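The model shown is predicted, which means the values in this text are computed figures rather than measured ones.
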Amino acid sequence: MYRSMAAIVAVAATVLTVAACGSSGDDANSITLYSGQHEQTVAALVKDFTERTGVKVNLRSGDEGELANQIVSEGDATPADVYFAENPPALTLLQGKGKLAQVDAATLAAVPAAANSDKGDWVGVSARTSAFVYNTDKVHTGQTPASVKDLATPAWKGRLGVAPSETDFAPIVTRMITQVGVDATKTWLQALKDNGKIYDSNEDLIAAVDRGEIDGGVVDHYYWYRLQDEKGAGKLHSALSYFPAGDPGALVDVSGAAVLASSKHQPAAQKWLAYLVTQPAQQIIATSESYEYPLLAGVTDTRLTRPLSDAGPIVSAAELGDGTQAVELMQGVGLLS
């Protein structure tokens, strides 16, 4: 799914239009879910949840930033009971506007504390890690960048792909700001623009790497696994490498879900959050085409060659913020309009 990072921080002045799905109305056994997460995985989770609980879920899927902005625009009249995001900044935006309810303590306790909101108003559901995807015909072992900072050097001139509008790129920019400051980050972003070709999505970027149009680029790990499914394991011309722990490009962050404070169906909405961190739901995530890491202890995705424990600590939502500064810097150098 294409996701615009700029949409998360540019709150719409009018209600955005998305595909209608109906609202939960006054039915206490029904909730409306605004979801920016992977559609097929969420559809499987919704089906299983309803079968287990009898609670109907009216699902509205779309760009996570646009849906967050729609919740803000709709105010307390929003039909949404629950919001499910791919990345913390969209949740942080809603949190900052007082839109989120406290999550039941037992739900929060089901997954590592670092995966949850430090304010207790959303729960982590799954995790992903950033990676460098490279064309194996053009880049060999030992030639991949040692740091995401290296992509700004002349060695990557004309060889790099960048998908700056994807919501998983802005957190890397935010980490750069934290480590090296605003001015140095702006210089780095300008160099990325000068070195690289801009792509609208990570799907486009990773396909371009695999066919040799560019030599490499930064994506979330799961895009490569999906490409492997699409093309077949023996037909890929690309691989993943990972930046060392502590590098701004060594990003481990989470998807998360929250109950809206305005929801008129709090018990059913809290039941949905509790379900997402149970073994059945986490097993669906572990075997889905999302290829994200489940967070519940004892549930693993055996298809992923790198365990989450090797990826480093989860970056806190507080460190990532709402992405505003990162977006403004990318707009300033022309990576985003």
Non-hydrogen side-chain atoms of I214 and Y199 separated by less than 4.5 Å: yes
N202 and D168 side chains, donor-acceptor separation under 3.5 Å: yes
Test item: side-chain donor near acceptor, T167 and E86, under 3.5 Å: no
Validation row: R128, Y223 side chains within 4.5 angstrom (heavy atoms): no
Closest non-hydrogen atom pair, E319 against T174: O-CG2, 3.4 Å
Shortest non-hydrogen separation from V254 to P88 and the atoms involved: O-CD, 3.2 Å
Donor on one side chain, acceptor on other, D247 and S147, under 3.5 Å: yes
Side-chain touch S30/N58, heavy atoms, less than 4.5 angstrom: yes
Heavy-atom side-chain proximity of L251 to F243 below 4.5 angstrom: no
Whether over 12 other heavy atoms sit under 6.0 Å from E213 CD: yes
D183 atom CG, over 12 foreign heavy atoms within 6.0 Å: no
Test item: side-chain donor near acceptor, E64 and Q37, under 3.5 Å: no
Whether over 12 other heavy atoms sit under 6.0 Å from K157 NZ: yes
Q279 side-chain N/O to V299 backbone N/O, donor-acceptor pair under 3.5 Å: no
Worked verdict on D137 versus H237 for side-chain hydrogen bond (donor to acceptor under 3.5 Å, both in side chains): CA-CA 7 Å; D137 298 325; H237 296 274; 3.0 Å; yes
Side chains of T287 and D301 in contact at under 4.5 Å (non-hydrogen atoms): no
Spacing of CD belonging to E289 relative to CG belonging to D229, to within rounding of 0.5 Å: 7.5 Å
Qualifying residue, where the test is side-chain hydrogen bond (donor to acceptor under 3.5 Å, both in side chains) with D210 and the options are K231, K235, Q228: K231
Whether T136 side chain and A239 backbone form a donor-acceptor pair below 3.5 Å: no
Donor-acceptor pair between S255 and S126 side chains, under 3.5 angstrom: yes
By ring pair (Phe, Tyr, Trp, His ring centres under 6.0 Å) - contacts of F132 (at least two apart): W156
Over 12 foreign heavy atoms within 6.0 Å of NZ, K138: yes
I198 side chain reached by P164 side chain, heavy atoms, under 4.5 Å: yes
Flag, side chain of S290 to backbone of T41, donor-acceptor distance under 3.5 Å: no
Donor-acceptor pair between Y34 and E74 side chains, under 3.5 angstrom: yes
Heavy-atom donor-acceptor pair, N135 side chain to V209 backbone, under 3.5 Å: yes
Any side-chain donor near an acceptor of the partner, S201 and D204, under 3.5 Å: yes
Centroid separation H221 to Y242 less than 6.0 Å: no
N/O donor-acceptor pair under 3.5 Å between D322 side chain and T92 backbone: no
Close aromatic pair by centroid cut-off 6.0 Å: Y275 and F49: yes
Check: L260 and V82 side chains under 4.5 Å, non-hydrogen atoms: no
Check: Q102 main-chain N/O paired with D121 side-chain donor or acceptor under 3.5 Å: no
Under 3.5 Å donor-acceptor, T300 side chain and T302 backbone: no
Donor + acceptor pair across side chains of D81, S263 (<3.5 Å): yes
Close aromatic pair by centroid cut-off 6.0 Å: Y222 and Y291: no
Heavy-atom side-chain contact between N195 and L151 under 4.5 Å: no
Charged N-O contact under 4.0 Å between E230 and R226: no
